[in-house]
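Predicted model, so just to flag it, every value in this text is computed and none were measured. Residues take their numbers from the sequence shown, with the count starting at 1.
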Amino acid sequence: MAEAAAAGFLEQLKSCIVWSWTYLWTVWFFIVLFLVYILRVPLRINDNLSTVSMFLNTLTPKFYVALTGTSSLISGLILIFEWWYFRKYGTSFIEQVSVSHLRPLLGGVDNNSSNNSNSSNGDSDSNRQSVSECKVWRNPLNLFRGAEYNRYTWVTGREPLTYYDMNLSAQDHQTFFTCDSDHLRPADAIMQKAWRERNPQARISAAHEALEINEIRSRVEVPLIASSTIWEIKLLPKCATAYILLAEEEATTIAEAEKLFKQALKAGDGCYRRSQQLQHHGSQYEAQHRRDTNVLVYIKRRLAMCARRLGRTREAVKMMRDLMKEFPLLSMFNIHENLLEALLELQAYADVQAVLAKYDDISLPKSATICYTAALLKARAVSDKFSPEAASRRGLSTAEMNAVEAIHRAVEFNPHVPKYLLEMKSLILPPEHILKRGDSEAIAYAFFHLAHWKRVEGALNLLHCTWEGTFRMIPYPLEKGHLFYPYPICTETADRELLPSFHEVSVYPKKELPFFILFTAGLCSFTAMLALLTHQFPELMGVFAKAFLSTLFAPLNFVMEKVESILPSSLWHQLTRI
């Protein structure tokens, strides 16, 4: 008990000292000055000052040359060492020593130990495997060309999509919406050519032509009754992909696009059921079934996105959940990212956590949506009461530490997102394709999730206070990964192809030079210049040095004279008598 009481007393004393140095440093400064004034007689301060001034007056110009030359040499050596240490370890040696040894004495919290403990987990080891660096992915939350991208062009006169991005979309359409047997059906043959068209009007005209072919009625020579001459009249199956193209590119509103997608759903569902029954009859039928499955999944997903855009969020969530249950193996479409965004809009944070628990797995590729949504949920638990001043004074709690680590994890995965969330950089319409860990992915995430971060009180404040700490933790992320594989170098080139020319592409936030390196460089340059001037003009520089020192000590001499005029000269003798 006595030891615990003593330890508690020491901690309390330490906290009191830290608090006093934090807020009462001016009082300490004046107390020290007052003590120096009282002790000026026994310490013979006046005599020492007169001796120093006499010494300075007797100095020759050669001394100033030697002094400035030596100072320049020493500061240059420190600069060289600091630069070498920064190049090797990614941080300043002086800064690291001051943070490591002075921050604990002042009550700060060192996060390195807690972060280093997480670097050896399975998530770190599994993600260090070599992966395709610059693979371009379909944006799960891509907008509608006719209802959204084209409207932006009409208003601003700018093209939000690049040719490279639209060319990738054309390749996706040919991959998912066509197959080798399309030439057997006239409408599908037309659509196969339509997806290759570069001119939007030509694609739309081809889609209308495909629908007109299916309006032709044909007699089927099957009597309704065996002895009857009444023949059955039925329509050829509608072309679902033609409706998809019109919904994407011709519809000028989301409501119009939804109507067209509902028509596409009727046609696509019928084709899917027929091909499902015939898929085992050969490779040709299997390819048709695969194509019809892709078409059906795409239609249902876009219908859910239409419902989300039109404010029917609960309906959209239900449609997405049903789609994921019906086609659980089609994870390449990343439907869970649409589901996460819709659940965040409903503020169903428990359901969001359940989805993250399923998809934030070491065997699945990460995304900004996964990492930053996990960070948002952990920040939500502490952000409303988080204060940087209080955290620096008392240290981070366990929940705050978990939130900070989650933010660091998200920032390491994609370092471009915070500037968009903090509105330090303006947003644009997201492209149809994104590069994971690149600026395009950051735009796509922030475009839809900025409102969710703003809705959580204090979340953006916590992000603002902690996100830059990631770059101090990870030495040279371009070469070494910490929680993920090393950051790809080629992201800037790919993002410039995906993003429009009027957007300033965000480059990886390179680690800025530490303050002490800049300070040492300035000191080295200044002393070198002084050494050169002193060598060339020794007498003139000596006069300048004496004038500078006299000017520097003039305020102190003035204060000392005022204090001596107010206080009696025998105050020290009176204090010693007491």
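The neighbour count for Arg314 CZ, taken as heavy atoms of other residues, nucleotides or ligands under 6.0 Å away, does not exceed 12. Within a 6.0 Å sphere centred on CD of Glu326, heavy atoms belonging to other residues, nucleotides or ligands number more than 12.
Interatomic distance, Trp453 CH2 to Leu421 CG, rounded to the nearest 0.5 Å: 6.0 Å. Here CD1 of Ile407 is found 12.5 Å from SG of Cys371. Values are rounded to the nearest 0.5 Å. Between the CD atom in Glu249 and the CG atom in Asn150 there is a gap of 8.0 Å [rounded to 0.5 Å]. We find the CH2-CD distance between Trp195 and Gln171 to be 14.0 Å, quoted to the nearest 0.5 Å. We find the CD1-CD distance between Ile434 and Glu432 to be 12.0 Å, quoted to the nearest 0.5 Å. Separating the CG atom in Leu265 from the CD1 atom in Ile244 is a distance of 10.0 Å, to the nearest 0.5 Å.
Under the 3.5 Å distance criterion, the side-chain polar atoms of Lys436 are left unmatched by any main-chain donor or acceptor of Lys135. The backbone N or O of Gly438 sits less than 3.5 Å from a side-chain atom of Asn414, completing a donor-acceptor pair. A side-chain donor-acceptor contact under 3.5 Å links Asn402 to the backbone of Thr398. The backbone N or O of Pro140 sits less than 3.5 Å from a side-chain atom of Asn338, completing a donor-acceptor pair.
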**Message:** Test ring-ring contact (aromatic ring centres under 6.0 Å, His included) on Tyr445 and Tyr372; report intermediate values, then the result.
**Reply:** CA-CA 9 Å; Tyr445 172 80; Tyr372 278 90; 5.5 Å; yes

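Arg496 places none of its side-chain heavy atoms less than 4.5 Å from the side chain of Tyr164. Residues Val352 and Leu376 are not in side-chain contact: their nearest non-hydrogen atoms beyond the backbone lie 4.5 Å or more apart. The closest side-chain heavy-atom distance from Phe144 to Arg302 is below 4.5 Å. Considering only heavy atoms from C-beta on, Asn294 stays 4.5 Å or farther from Thr175 through its side chain. At a threshold of 4.5 Å between non-hydrogen side-chain atoms, the residues Leu343 and Val355 count as touching. Counting only heavy atoms from C-beta outward, the side chains of Glu248 and Tyr298 approach each other to under 4.5 Å.
Taking the centre and axis of the six-membered ring of Phe413, the NZ or CZ atom of Arg437 falls inside the cone set by 45° and 6.0 Å.
The minimum heavy-atom distance linking Thr153 with Pro160 is given by the pair OG1-CD, 3.2 Å. When all heavy atoms of Leu435 and Asp495 are compared, the closest pair comes out as CB-OD1, 3.9 Å.
Residues in residues 304-313 take part in these side-chain hydrogen bond (donor to acceptor under 3.5 Å, both in side chains) pairs, two or more places apart or across chains: Glu148-Arg309, Glu258-Arg312, Arg308-Glu341, Arg308-Glu345, Arg312-Glu315.
His173 and Phe177 have parallel rings, their planes meeting at less than 30° on a 0 to 90° scale where 60° marks the start of perpendicular.
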If you look only at distance, which donor and acceptor atoms sit under 3.5 Å apart when one is on a side chain in residues 497-504 and the other is two or more places apart or in another chain?
{"unit_1": "His503", "atom_1": "NE2", "unit_2": "Tyr420", "atom_2": "OH", "d": "3.3"}
{"unit_1": "His503", "atom_1": "NE2", "unit_2": "Asp439", "atom_2": "OD2", "d": "3.0"}

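Under 4.0 Å is where a charged nitrogen must lie from a carboxylate oxygen, and between Glu405 and Arg409 no such pair does.
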